[in-house]
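Structure first, then comments.
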Amino acid sequence: MIAILDYDAGNIKSVEKALQFLGEEAIITDDRDTILSADRAVLPGVGAFGIAMDKLRSRGLDKVIYEFTASGKPFLGICLGLQLLFDSSDESPGVKGLGLLKGKITKIPTEYTDDNGNNVQQKVPQIGWNDLTINPDSRLFAGITGNPYVYFVHSYFLTAENPSEVAASTYYGTTIHAAVERGNIFATQFHPEKSSDVGLKILENFIKMA
């Protein structure tokens, strides 16, 4: 059974439907005992960093996440769920994140300089498909080759402190660490549940994690 952590964040139902499509029992819950008894857990999310952390703490889910990840069972953060795993975000100065991973969460630039020295304007948030450069040693991307396209919706992005934890990266005016993994903790900035066959393969890999 996979527990999908419920803290009134967006995109929870689409994650549930994708996991059910893959034949998994998925339960949306904020109950501590249900989460801790699950084989795997997913922290989805669309929204603001500070508001999300307030909601997690108000339900005691921050402590449950620490307990679950300490158990060694696979844990997956999606979109905002990736960002919440880090210490902080420039989106919500002064708000402490979960601090399970190390890196910086900063705003995507609205302007960058291309290879020809031209200033290029770009839309923020990034909404749509972008290709990935995959770490060949990544377990989350096992069996996925080339530079697959996945679906993003975000205004802030991760620069991981430890390059060895980067499972995939992309480029949108700057290099974005689009997925990370360390031990039993996995996270994607993009939405695998909205990324067609590639996204389903990523979720399938997560389901098969020992």
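Note that the numbering runs from 1 along the sequence shown for the chain.
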Please check this pair: side chain of Asp30 against backbone of Leu61, looking for a donor-acceptor N/O pair closer than 3.5 Å.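 Between the backbone of Leu61 and the side chain of Asp30 there is no qualifying donor-acceptor contact (under 3.5 Å).
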Say you draw a straight line from [atom1] of [X] to [atom2] of [Y]; how long is it, rounded to the nearest 0.5 Å?
X      : Y      : atom1 : atom2 : value
Ile108 : Lys123 : CD1   : NZ    : 14.0 Å
Asn135 : Leu140 : CG    : CG    : 11.0 Å
Phe152 : Gln126 : CZ    : CD    : 5.5 Å
Arg182 : Asn184 : CZ    : CG    : 8.5 Å
Asn116 : Asn118 : CG    : CG    : 5.5 Å
Thr159 : Lys104 : OG1   : NZ    : 8.0 Å

When you compare the side chain of [Y] with that of [X], does any pair of heavy atoms fall below 4.5 Å?
X      : Y      : answer
Leu80  : Val46  : no
His191 : Val150 : no
Phe68  : Ile35  : yes

Please report the C-alpha distance between Arg59 and Asp8 in whole Å, then the side-chain angles of each, then the deciding distance to 0.1 Å, and finally whether the salt bridge (Lys or Arg N to Asp or Glu O under 4.0 Å) criterion is met. CA-CA 11 Å; Arg59 299 189 182 196; Asp8 292 332; 2.6 Å; yes
Verify same cluster id: [X], [Y] (apolar side-chain graph, 4.5 Å):
X      : Y      : result
Phe186 : Ile4   : yes
Leu84  : Val180 : yes
Leu76  : Leu98  : no
Val166 : Leu85  : no
Phe157 : Phe49  : no

With a 3.5 Å cut-off and no angle check, do the side chains of [X] and [Y] form a donor-acceptor pair?
X      : Y      : answer
Ser138 : Glu181 : yes
Asp90  : Thr106 : no
Gln83  : Gln189 : yes

Does [X] have more than 12 heavy atoms from other residues, nucleotides or ligands lying within 6.0 Å of its [atom1]?
X      : atom1 : answer
Lys194 : NZ    : yes
Ile51  : CD1   : no
Tyr66  : OH    : yes
Asp197 : CG    : no

Fit a plane to each ring of Tyr112 and Tyr171, take the angle between them on a 0 to 90° scale, and name the class: parallel (under 30°), tilted (30 to 60°) or perpendicular (over 60°).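 Taking Tyr171 first and then Tyr112, their aromatic rings stand perpendicular (interplane angle over 60°).
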Using the six-membered ring wherever Trp is involved, compare the ring planes of Phe190 and Phe141 and label them parallel, tilted or perpendicular (cut-offs 30° and 60°).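 Rings of Phe190 and Phe141: tilted, as their planes differ by 30° to 60°.
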Electrostatic pair [X]:[Y] at N-O distance under 4.0 angstrom:
X     : Y      : answer
Lys55 : Asp6   : no
Asp87 : Lys102 : yes
Glu67 : Arg32  : yes

Could you go step by step and tell me if Ile65 and Leu100 meet the side chain to side chain contact (heavy atoms under 4.5 Å, CB included) rule? CA-CA 10 Å; Ile65 291 169; Leu100 289 167; 3.8 Å; yes
Among Leu200, Ile2, Ile27, find the one that has a side-chain contact (heavy atoms from CB on, under 4.5 Å) with Leu19.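 When Leu200, Ile2, Ile27 are each tested with Leu19, the side-chain contact (heavy atoms from CB on, under 4.5 Å) holds only for Ile2.
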Which atom pair, heavy atoms only, marks the closest approach of [X] to [Y]?
X      : Y      : value
Ala9   : Gly45  : CB-CA, 3.9 Å
Glu193 : Ala18  : CB-CB, 3.8 Å
Ala178 : Leu82  : O-CD1, 4.4 Å
Ala160 : His177 : N-ND1, 2.8 Å

Would you sort out whether Thr34 and Asp31 count as a side chain to side chain donor-acceptor pair (under 3.5 Å), showing the intermediate values? CA-CA 5 Å; Thr34 302; Asp31 179 72; 2.8 Å; yes
Before we go on, tell me: are the rings of Tyr151 and Trp129 under 6.0 Å apart, centre to centre?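 For Tyr151 and Trp129, the ring centres are under 6.0 Å apart.
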